[in-house]
Amino acid sequence: MNTFARTVDLLHRAMDASVVRRQVIANNIANADTPNFSRTVVNFESELKRALESENRRPALEINMTREGHFPNFRERDYRDVQIRRVLDFTSIYNNNGNNVDPEQEFMLATQNQMAYTLFAQAAAFEFSQINQILRG
């Protein structure tokens, strides 16, 4: 895959994660007063980072698999296999009613998420404007 296609694909995936994160944050805020509600977070960027790093990192000694049932000591991950995951936060309690949604924190996360989405959209637009300049050139 060429650099342009990979960059646009990564930006597209990041924008998809931002849309899911927006839905999750809205759900958290809507349930801020619900007793025993556990907030949800989106896990995507850290898994994507691990997958991208695995492309460039091979062990010094790679084990040769002689049988089908053997496990490899290294498995390169394709970043396209990374899924956007919703994960419940069971580790914290914010209210006395067992709810762990901090509305102030959720509004801050919503603002950060919106800024990230805007940045991704601008970066994608820039990539396509570069192609347009080349084609006009």
Partner set under side-chain hydrogen bond (donor to acceptor under 3.5 Å, both in side chains) for Thr7, not counting sequence neighbours: none
Would you mind reporting whether [Y] and [X] have side-chain heavy atoms less than 4.5 Å apart?
X: Met15; Y: Val19; answer: no
X: Leu48; Y: Leu10; answer: yes
X: Ile84; Y: Val42; answer: yes

Counterpart residues, salt bridge (Lys or Arg N to Asp or Glu O under 4.0 Å), relative to Glu45 (two or more places apart): Arg21
Main-chain N/O of Ala5 paired to Asp9 side chain as donor or acceptor, under 3.5 Å: no
Any donor-acceptor N/O pair, Asn95 side chain to Asn97 backbone, under 3.5 Å: no
Nearest heavy-atom neighbours spanning [X] and [Y]:
X: Phe44; Y: Gln83; result: CD1-O, 4.0 Å
X: Tyr79; Y: Ala51; result: CA-CB, 3.9 Å
X: Asp89; Y: Ser92; result: OD2-OG, 3.2 Å
X: Val101; Y: Asn28; result: CG1-O, 3.4 Å

Phe128: ring pair (Phe, Tyr, Trp, His ring centres under 6.0 Å) partners, not counting sequence neighbours: Phe4
Side chain to side chain contact (heavy atoms under 4.5 Å, CB included) between Ile29 and Ile25, worked out: CA-CA 6 Å; Ile29 292 171; Ile25 292 170; 3.9 Å; yes
Side-chain ion pair, Glu47 and Arg50, N-O less than 4.0 Å: yes
